[in-house]
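To start, I am sharing the structure in question, which I have written as C-alpha coordinates.
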Amino acid sequence: MIIHDFSKENTLINQYICEVRDISIQKDSMRFRRNIERIGEILSYEMSKTLEYTSKSVTTPLGKKTINVPTSDLVICSILRAGIPLHQGILNYFDGVENAFVSAYRHHPHGGDDFEVIVKYLASPSIEGKTLILADPMLATGKTLENVLKAMENHGEPKEIHILSIIGAKAGIELADMIFPKNTHLWIAAVDDALNERGYIVPGLGDAGDLCYGPRLD
(Lines give C-alpha, C1' and ligand atoms only; values in the text may rest on other atoms or scores of the structure.)
Protein backbone atom coordinates (compact mmCIF):
# COMPACT_ATOMS: atom_id res chain seq x y z
CA MET A 1 0.00 0.00 0.00
CA ILE A 2 1.21 3.50 -0.83
CA ILE A 3 0.82 5.70 2.27
CA HIS A 4 0.54 9.50 2.09
CA ASP A 5 0.84 10.65 5.72
CA PHE A 6 0.28 14.40 5.92
CA SER A 7 1.10 14.57 9.62
CA LYS A 8 4.73 14.46 8.53
CA GLU A 9 4.34 17.72 6.61
CA ASN A 10 3.65 21.33 7.59
CA THR A 11 0.39 21.99 5.79
CA LEU A 12 -2.91 23.75 6.49
CA ILE A 13 -4.47 20.36 7.17
CA ASN A 14 -2.76 20.38 10.59
CA GLN A 15 -4.92 23.32 11.69
CA TYR A 16 -8.11 21.38 11.01
CA ILE A 17 -6.73 18.25 12.68
CA CYS A 18 -5.87 20.36 15.74
CA GLU A 19 -9.45 21.62 15.90
CA VAL A 20 -11.19 18.25 15.46
CA ARG A 21 -9.09 16.86 18.31
CA ASP A 22 -9.74 19.79 20.68
CA ILE A 23 -12.46 18.86 23.21
CA SER A 24 -13.55 22.49 23.59
CA ILE A 25 -13.99 23.04 19.84
CA GLN A 26 -15.68 19.65 19.42
CA LYS A 27 -18.72 20.99 21.26
CA ASP A 28 -19.63 22.86 18.06
CA SER A 29 -20.85 19.96 15.92
CA MET A 30 -21.32 22.16 12.84
CA ARG A 31 -17.70 23.29 13.00
CA PHE A 32 -16.57 19.70 13.58
CA ARG A 33 -18.42 18.50 10.48
CA ARG A 34 -17.08 21.39 8.42
CA ASN A 35 -13.51 20.64 9.48
CA ILE A 36 -13.93 17.00 8.47
CA GLU A 37 -15.26 18.24 5.14
CA ARG A 38 -12.28 20.60 4.72
CA ILE A 39 -9.82 17.80 5.37
CA GLY A 40 -11.65 15.72 2.76
CA GLU A 41 -11.23 18.55 0.26
CA ILE A 42 -7.49 18.83 0.86
CA LEU A 43 -6.95 15.07 0.66
CA SER A 44 -9.00 15.00 -2.55
CA TYR A 45 -6.83 17.70 -4.10
CA GLU A 46 -3.68 15.78 -3.25
CA MET A 47 -5.19 12.53 -4.53
CA SER A 48 -6.18 14.21 -7.81
CA LYS A 49 -2.50 14.48 -8.75
CA THR A 50 -2.29 10.68 -9.13
CA LEU A 51 -5.34 10.19 -11.38
CA GLU A 52 -5.42 9.70 -15.14
CA TYR A 53 -5.57 12.82 -17.33
CA THR A 54 -6.21 13.65 -20.96
CA SER A 55 -5.91 16.81 -23.04
CA LYS A 56 -9.07 18.79 -23.74
CA SER A 57 -9.46 21.77 -26.03
CA VAL A 58 -11.50 24.63 -24.55
CA THR A 59 -12.90 27.53 -26.54
CA THR A 60 -12.66 30.91 -24.79
CA PRO A 61 -14.07 34.27 -25.96
CA LEU A 62 -10.64 35.04 -27.44
CA GLY A 63 -9.43 31.71 -28.76
CA LYS A 64 -8.69 28.13 -27.77
CA LYS A 65 -6.60 26.50 -25.05
CA THR A 66 -5.60 22.88 -24.40
CA ILE A 67 -5.89 21.79 -20.76
CA ASN A 68 -5.17 18.47 -19.06
CA VAL A 69 -8.28 17.26 -17.19
CA PRO A 70 -8.87 14.10 -15.11
CA THR A 71 -10.59 11.19 -16.83
CA SER A 72 -10.65 8.53 -14.09
CA ASP A 73 -14.04 6.89 -13.58
CA LEU A 74 -14.62 7.39 -9.84
CA VAL A 75 -16.96 5.88 -7.25
CA ILE A 76 -16.96 7.40 -3.75
CA CYS A 77 -18.03 5.02 -0.99
CA SER A 78 -18.53 6.44 2.50
CA ILE A 79 -18.93 4.47 5.70
CA LEU A 80 -21.91 5.76 7.70
CA ARG A 81 -22.33 7.80 9.86
CA ALA A 82 -19.02 9.58 10.28
CA GLY A 83 -18.16 9.20 6.62
CA ILE A 84 -20.89 11.61 5.49
CA PRO A 85 -19.01 14.94 5.96
CA LEU A 86 -15.81 13.38 4.60
CA HIS A 87 -17.81 12.11 1.62
CA GLN A 88 -19.15 15.62 1.06
CA GLY A 89 -15.64 17.07 1.14
CA ILE A 90 -14.56 14.65 -1.58
CA LEU A 91 -17.74 15.30 -3.55
CA ASN A 92 -17.07 19.06 -3.44
CA TYR A 93 -14.03 18.43 -5.64
CA PHE A 94 -15.32 15.47 -7.68
CA ASP A 95 -18.90 16.56 -8.24
CA GLY A 96 -19.67 14.37 -11.26
CA VAL A 97 -18.81 10.97 -9.79
CA GLU A 98 -20.90 7.98 -8.72
CA ASN A 99 -21.66 7.36 -5.07
CA ALA A 100 -21.94 4.36 -2.77
CA PHE A 101 -22.89 4.09 0.90
CA VAL A 102 -22.27 1.38 3.45
CA SER A 103 -23.45 1.02 7.04
CA ALA A 104 -20.90 -0.72 9.26
CA TYR A 105 -20.96 -0.81 13.03
CA ARG A 106 -19.17 -2.43 15.95
CA HIS A 107 -21.10 -5.17 17.71
CA HIS A 108 -20.00 -6.17 21.22
CA PRO A 109 -21.81 -9.52 21.59
CA HIS A 110 -21.08 -9.92 25.31
CA GLY A 111 -20.83 -6.27 26.31
CA GLY A 112 -17.06 -6.54 26.74
CA ASP A 113 -14.12 -5.16 24.82
CA ASP A 114 -14.18 -7.76 22.04
CA PHE A 115 -16.23 -6.79 19.01
CA GLU A 116 -17.03 -7.69 15.44
CA VAL A 117 -17.78 -5.31 12.59
CA ILE A 118 -21.14 -5.91 10.92
CA VAL A 119 -22.01 -4.50 7.50
CA LYS A 120 -25.77 -4.03 7.55
CA TYR A 121 -26.50 -1.93 4.45
CA LEU A 122 -24.76 -1.37 1.13
CA ALA A 123 -25.91 0.63 -1.88
CA SER A 124 -23.40 0.81 -4.71
CA PRO A 125 -23.15 1.02 -8.47
CA SER A 126 -20.82 -1.33 -10.31
CA ILE A 127 -17.18 -0.65 -9.46
CA GLU A 128 -15.83 -2.91 -12.20
CA GLY A 129 -12.76 -1.30 -13.76
CA LYS A 130 -13.35 1.98 -11.89
CA THR A 131 -11.39 3.92 -9.28
CA LEU A 132 -12.91 3.26 -5.84
CA ILE A 133 -12.54 5.92 -3.15
CA LEU A 134 -13.26 4.68 0.38
CA ALA A 135 -14.07 7.48 2.82
CA ASP A 136 -13.42 6.15 6.34
CA PRO A 137 -12.63 8.95 8.81
CA MET A 138 -11.28 6.73 11.61
CA LEU A 139 -8.95 3.91 10.56
CA ALA A 140 -8.71 2.24 13.97
CA THR A 141 -8.34 -1.56 13.88
CA GLY A 142 -8.86 -1.81 10.12
CA LYS A 143 -11.67 -4.35 10.59
CA THR A 144 -14.28 -2.00 9.15
CA LEU A 145 -12.36 -1.51 5.92
CA GLU A 146 -11.75 -5.26 5.74
CA ASN A 147 -15.48 -6.01 5.95
CA VAL A 148 -16.41 -3.23 3.54
CA LEU A 149 -13.91 -4.57 1.01
CA LYS A 150 -15.54 -8.03 1.28
CA ALA A 151 -19.03 -6.52 0.92
CA MET A 152 -18.01 -4.67 -2.25
CA GLU A 153 -16.81 -7.86 -3.99
CA ASN A 154 -20.25 -8.49 -5.49
CA HIS A 155 -20.14 -5.11 -7.25
CA GLY A 156 -17.05 -5.80 -9.35
CA GLU A 157 -13.29 -5.45 -9.21
CA PRO A 158 -12.03 -1.85 -9.17
CA LYS A 159 -9.08 -0.72 -11.27
CA GLU A 160 -7.54 0.92 -8.23
CA ILE A 161 -8.50 1.90 -4.68
CA HIS A 162 -7.88 5.09 -2.71
CA ILE A 163 -8.62 5.24 1.04
CA LEU A 164 -9.17 8.70 2.56
CA SER A 165 -9.00 8.94 6.36
CA ILE A 166 -8.80 11.66 8.97
CA ILE A 167 -6.92 9.76 11.70
CA GLY A 168 -5.54 6.24 11.77
CA ALA A 169 -3.77 3.95 14.21
CA LYS A 170 -0.62 2.14 13.17
CA ALA A 171 -2.25 -1.26 13.81
CA GLY A 172 -5.16 -0.45 11.50
CA ILE A 173 -2.86 0.82 8.78
CA GLU A 174 -0.80 -2.37 9.01
CA LEU A 175 -3.93 -4.53 8.61
CA ALA A 176 -5.12 -2.46 5.64
CA ASP A 177 -1.69 -2.87 4.08
CA MET A 178 -2.09 -6.64 4.34
CA ILE A 179 -5.60 -6.98 2.91
CA PHE A 180 -5.72 -4.33 0.16
CA PRO A 181 -3.98 -4.58 -3.24
CA LYS A 182 -0.42 -3.28 -3.27
CA ASN A 183 -1.28 -0.37 -5.57
CA THR A 184 -3.87 0.96 -3.07
CA HIS A 185 -3.26 4.54 -1.91
CA LEU A 186 -3.95 5.67 1.66
CA TRP A 187 -4.38 9.43 2.08
CA ILE A 188 -4.39 10.21 5.78
CA ALA A 189 -4.19 13.44 7.75
CA ALA A 190 -2.78 12.06 11.03
CA VAL A 191 -1.44 8.80 12.45
CA ASP A 192 -1.52 7.84 16.16
CA ASP A 193 0.45 5.06 17.79
CA ALA A 194 -2.06 3.25 19.97
CA LEU A 195 -5.50 1.71 20.38
CA ASN A 196 -7.24 1.30 23.74
CA GLU A 197 -8.76 -1.96 25.00
CA ARG A 198 -12.00 -1.28 23.05
CA GLY A 199 -10.20 -0.61 19.79
CA TYR A 200 -10.47 3.19 19.74
CA ILE A 201 -7.62 5.39 18.55
CA VAL A 202 -5.55 7.05 21.31
CA PRO A 203 -5.31 10.01 21.59
CA GLY A 204 -7.54 10.18 18.51
CA LEU A 205 -10.54 12.47 18.83
CA GLY A 206 -13.32 10.32 20.26
CA ASP A 207 -16.30 8.94 18.34
CA ALA A 208 -16.46 10.88 15.07
CA GLY A 209 -20.04 9.81 14.33
CA ASP A 210 -21.30 11.03 17.70
CA LEU A 211 -19.39 14.30 17.37
CA CYS A 212 -20.95 14.87 13.94
CA TYR A 213 -24.54 13.88 14.65
CA GLY A 214 -25.02 13.14 18.36
CA PRO A 215 -25.08 9.82 20.24
CA ARG A 216 -26.16 6.80 18.24
CA LEU A 217 -29.68 5.54 18.94
CA ASP A 218 -29.87 1.75 19.30
- prompt: For the side chain to side chain contact (heavy atoms under 4.5 Å, CB included) test, which of Thr50, Ile133, Ile42 pairs with Trp187?
  reply: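 The option that passes is Thr50.
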
task: Using side chain to side chain contact (heavy atoms under 4.5 Å, CB included) as the criterion, point out the one residue from Thr184, Asn183, Leu132 that pairs with Glu160.
output: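 That would be Asn183; it is the only one of Thr184, Asn183, Leu132 passing the side chain to side chain contact (heavy atoms under 4.5 Å, CB included) with Glu160.
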
message: Going by ring pair (Phe, Tyr, Trp, His ring centres under 6.0 Å), name the pairs with one or both residues in residues 19-56, residues two or more places apart or in two chains.
response: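 Qualifying pairs, neighbours excluded: none.
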
query: Which of these, Gln15, Glu19, Met30, sits in a side chain to side chain contact (heavy atoms under 4.5 Å, CB included) with Asn35?
result: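 Single pass found, and it is Glu19.
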
task: Report the C-alpha separation of Ile84 and Cys212 in whole Å, then their side-chain angles, then the decisive distance to 0.1 Å, and conclude whether the side chain to side chain contact (heavy atoms under 4.5 Å, CB included) test is met.
output: CA-CA 9 Å; Ile84 296 174; Cys212 284; over 6 Å; no

message: Applying a strict under-4.5 Å side-chain criterion to I, L, V, M, F, W and Y, I'd like to know whether Ile179 and Ile79 cluster together.
response: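 Yes; tracing contacts between hydrophobic side chains, which count when under 4.5 Å, links both residues.
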
query: Same cluster for Ile2 and Ile173 if Ile/Leu/Val/Met/Phe/Trp/Tyr side chains link at under 4.5 Å?
result: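 Each belongs to a different hydrophobic cluster.
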
task: Show the numbers, then the answer: is there a side-chain hydrogen bond (donor to acceptor under 3.5 Å, both in side chains) between Asn92 and Gln88?
output: CA-CA 6 Å; Asn92 288 346; Gln88 185 59 53; 2.8 Å; yes

- prompt: Mind checking whether Phe6 and Leu12 sit in one hydrophobic cluster, side chains of I, L, V, M, F, W, Y counted as touching below 4.5 Å?
  reply: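 Yes, one cluster joins them.
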
From Leu211, Leu205, Ile25, residue fulfilling side chain to side chain contact (heavy atoms under 4.5 Å, CB included) relative to Val20: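 Output: one option passes, namely Leu205.
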
field: Pairs touching residues 170-180 that satisfy salt bridge (Lys or Arg N to Asp or Glu O under 4.0 Å), sequence neighbours left out
entry: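 For residues 170-180: Lys170-Asp193.
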
- prompt: Given Leu149 and Glu153, is the side chain to side chain contact (heavy atoms under 4.5 Å, CB included) satisfied, shown in steps?
  reply: CA-CA 7 Å; Leu149 183 63; Glu153 289 178 351; 5.5 Å; no

field: Qualifying ring pair (Phe, Tyr, Trp, His ring centres under 6.0 Å) pairs, either residue in residues 77-98, two or more places apart
entry: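 Sorted pair list: His87-Phe101.
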
- request: Dump the intermediate steps for salt bridge (Lys or Arg N to Asp or Glu O under 4.0 Å) on Arg81 and Asp210, then the final yes or no.
  value: CA-CA 9 Å; Arg81 294 177 296 165; Asp210 288 358; 2.6 Å; yes

